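Beneath this line is the structure, given in structure tokens, with notes to follow.
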Amino acid sequence: MVTTLENPELAADKRADRTALTYIGIFTFLSWIILSNSDYLENLRDGVSRPWVEPWLTQGTSHIAILIVIACIPGLLSRFPLSLEHWKRRIPIYMAGFALFGAAHIILMMVLRTLSFPIVLGRDHEQSLLRLGLWIYELPKDGYTYLLVLSVFLTARHIEQLRLEAANTKQEARETGRLRLKSGGRVLFLKAGEILRAEAASNYVDIKTPSGQHFIRMTLTSLEKLIREAGETHVRVHRSHLVNRSKIREVSPQSDGRLFVTLENGASLPVGQKYKADLAIQDAI
């Protein structure tokens with residue numbers, strides 16, 4: 001029996017799409033509740049004599065139609081993925097996608113109303129698909145919905161791909177002791193043991209190695225966890241400093257109670273109070 005392995009990136013996209021559909025479904029349900037209640041209260045305020053269920057049915061058919069049409073969006077994104085390289089060629093495709101999205105929503109919505117009004121309200125639905133005002137009213141709203149839905153799916157896919165990348169990076173660190181790090185549009189491969197120390201620098205981490213200095217866009221805590229995955233013995237000495245334990249040459253208590261560590265390369269770094277225990281140097285204080 002031959003086992004077919006699923007592409008992990010495609011699997012990540014599928015997970016992201018399920019997450020996006022869940023959130024969109026919740027938002028759509030809340031939107032139906034809010035808009036239906038708003039229409040009902042507006043009818044009461046204006047003295048419009050209509051069954052209380054009519055605004056809920058009207059909004060419900062629109063929202064159900066939206067949910068059905070939205071299910072096609074992941075296919076569009078997979079068939080014509082958006083990227084910086086191809087975005088100009090994708091614009092006409094996604095504009096055509098909007099036209100189909102809007103038309104499908106309006107047609108399906110009208111079909112649902114035509115079928116449900118006689119059953120629920122005991123009368124036919126009076127609007128017609130040939131009425132220009134219907135399209136003028138609905139299409140701008142559909143444009144907003146289309147862009148919002150695309151954004152939700154794209155964001156969910158991006159987050160899931162980042163999670164997949166992080167998981168692969170951790171696995172590589174465990175298996176090879178090598179860290180895959182992004183720096184200025186490049187990908188650096190560093191042995192965890194080569195890192196002498198690292199310092200938090202705004203949204204980056206300043207890594208010092210025997211071969212030079214590297215700015216990596218990640219947090220110091222994330223780097224610490226990744227180094228731990230690689231099995232190295234780096235230790236946090238300060239909220240802004242991480243050092244290679246094997247490169248510590250000296251621990252120096254000061255007369256004012258402060259503590260410093262000196263590395264083999266001569267760098268002297270302060271030790272935060274809550275990190276003293278991690279160095280196992282209580283007897284030196």
Side-chain angles (χ1 to χ4, degrees), residues 10 12-43 48 50 52-84 86-117 120-121 125-162:
L10 293 180
D13 282 345
K14 290 180 180 180
R15 288 194 301 272
D17 292 342
R18 289 194 294 269
T19 300
L21 283 170
T22 299
Y23 282 111
I24 289 171
I26 294 172
F27 176 82
T28 302
F29 176 76
L30 294 176
S31 174
W32 171 59
I33 296 293
I34 293 170
L35 293 179
S36 299
N37 189 58
S38 177
D39 288 350
Y40 171 70
L41 293 176
E42 187 175 329
N43 288 340
V48 177
R50 289 184 179 177
W52 68 269
V53 74
E54 183 170 344
W56 296 84
L57 181 60
T58 301
Q59 290 291 346
T61 51
S62 177
H63 284 69
I64 290 173
I66 281 287
L67 284 177
I68 293 174
V69 177
I70 281 173
C72 300
I73 296 295
L76 176 65
L77 288 172
S78 297
R79 179 66 180 83
F80 303 101
L82 284 173
S83 66
L84 292 176
H86 303 111
W87 70 271
K88 289 183 179 179
R89 284 183 285 173
R90 295 291 188 255
I91 289 178
I93 295 173
Y94 279 85
M95 289 181 66
F98 160 64
L100 292 173
F101 178 90
H105 167 240
I106 294 172
I107 292 171
L108 185 56
M109 175 185 69
M110 295 298 287
V111 169
L112 291 174
R113 290 177 181 176
T114 299
L115 295 174
S116 62
F117 266 54
V120 179
L121 298 176
H125 184 250
E126 63 274 10
Q127 283 188 322
S128 169
L129 276 172
L130 301 179
R131 184 167 161 261
L132 181 61
L134 171 67
W135 294 82
I136 295 175
Y137 176 75
E138 293 290 343
L139 283 177
K141 295 193 301 179
D142 284 345
Y144 167 78
T145 302
Y146 180 72
L147 291 176
L148 180 62
V149 168
L150 280 177
S151 298
V152 172
F153 276 107
L154 287 171
T155 300
R157 286 189 174 198
H158 180 65
I159 291 173
E160 200 61 44
Q161 291 297 331
L162 289 177

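Only heavy atoms go into these numbers, but all of them, side chains included; no hydrogens, no water, no symmetry mates. This one's a predicted model, so the numbers in the text were calculated from it and none came from an experiment. Nothing fancy with the numbering, it's 1 onward along the sequence.
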Can E160 and R157 be counted as an ion pair, charged N to O under 4.0 angstrom?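 The answer is no: the pair does not qualify as a salt bridge.
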Counting distance only, does the side-chain N/O of T61 pair as donor-acceptor with the main-chain N or O of T58 below 3.5 Å?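 At least one qualifying donor-acceptor pair exists.
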Whether the side chain of S31 engages the backbone of F27 through a donor-acceptor N/O pair (distance < 3.5 Å, no angle test) should be reported.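 Side chain of S31 to backbone of F27: no pair is present.
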Any non-hydrogen side-chain atom of [X] less than 4.5 Å from a side-chain atom of [Y]?
{"X": "S62", "Y": "R113", "value": "yes"}
{"X": "L100", "Y": "V69", "value": "no"}
{"X": "H105", "Y": "I68", "value": "no"}

Point-to-point distance, once rounded to the nearest 0.5 Å, from [atom1] of [X] to [atom2] of [Y]:
{"X": "L30", "Y": "L35", "atom1": "CG", "atom2": "CG", "value": "10.5 Å"}
{"X": "K141", "Y": "E138", "atom1": "NZ", "atom2": "CD", "value": "4.0 Å"}
{"X": "M110", "Y": "L115", "atom1": "CE", "atom2": "CG", "value": "11.5 Å"}
{"X": "L77", "Y": "R79", "atom1": "CG", "atom2": "CZ", "value": "13.0 Å"}
{"X": "D13", "Y": "S78", "atom1": "CG", "atom2": "OG", "value": "6.0 Å"}
{"X": "S36", "Y": "L57", "atom1": "OG", "atom2": "CG", "value": "9.0 Å"}

Give me the atom names and distance for the closest heavy-atom approach of [X] to [Y].
{"X": "S128", "Y": "L134", "result": "O-CD2, 3.7 Å"}
{"X": "L139", "Y": "G102", "result": "CD2-CA, 4.0 Å"}
{"X": "L129", "Y": "W135", "result": "O-NE1, 2.6 Å"}
{"X": "F153", "Y": "I24", "result": "CE1-CD1, 3.7 Å"}
{"X": "T28", "Y": "H63", "result": "O-CD2, 3.3 Å"}
{"X": "Y146", "Y": "Y94", "result": "OH-O, 2.8 Å"}

Step by step, work out the side-chain contact (heavy atoms from CB on, under 4.5 Å) result for I66 and D142. CA-CA 9 Å; I66 281 287; D142 284 345; 4.0 Å; yes
Using the ring of each side chain (for Trp, its six-membered ring), is H125 parallel, tilted or perpendicular to F117, with breaks at 30° and 60°?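 Ring orientation, 0 to 90° scale: perpendicular.
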Parallel, tilted or perpendicular: which fits the ring planes of W56 and W32, with parallel below 30° and perpendicular above 60°?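 Perpendicular, since the angle between the ring planes exceeds 60°.
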Apply side-chain contact (heavy atoms from CB on, under 4.5 Å) to the pair L108 and I64, showing each step before the final yes or no. CA-CA 9 Å; L108 185 56; I64 290 173; over 6 Å; no
Verdict with reasoning, L76 to I93, per side-chain contact (heavy atoms from CB on, under 4.5 Å): CA-CA 9 Å; L76 176 65; I93 295 173; 4.2 Å; yes
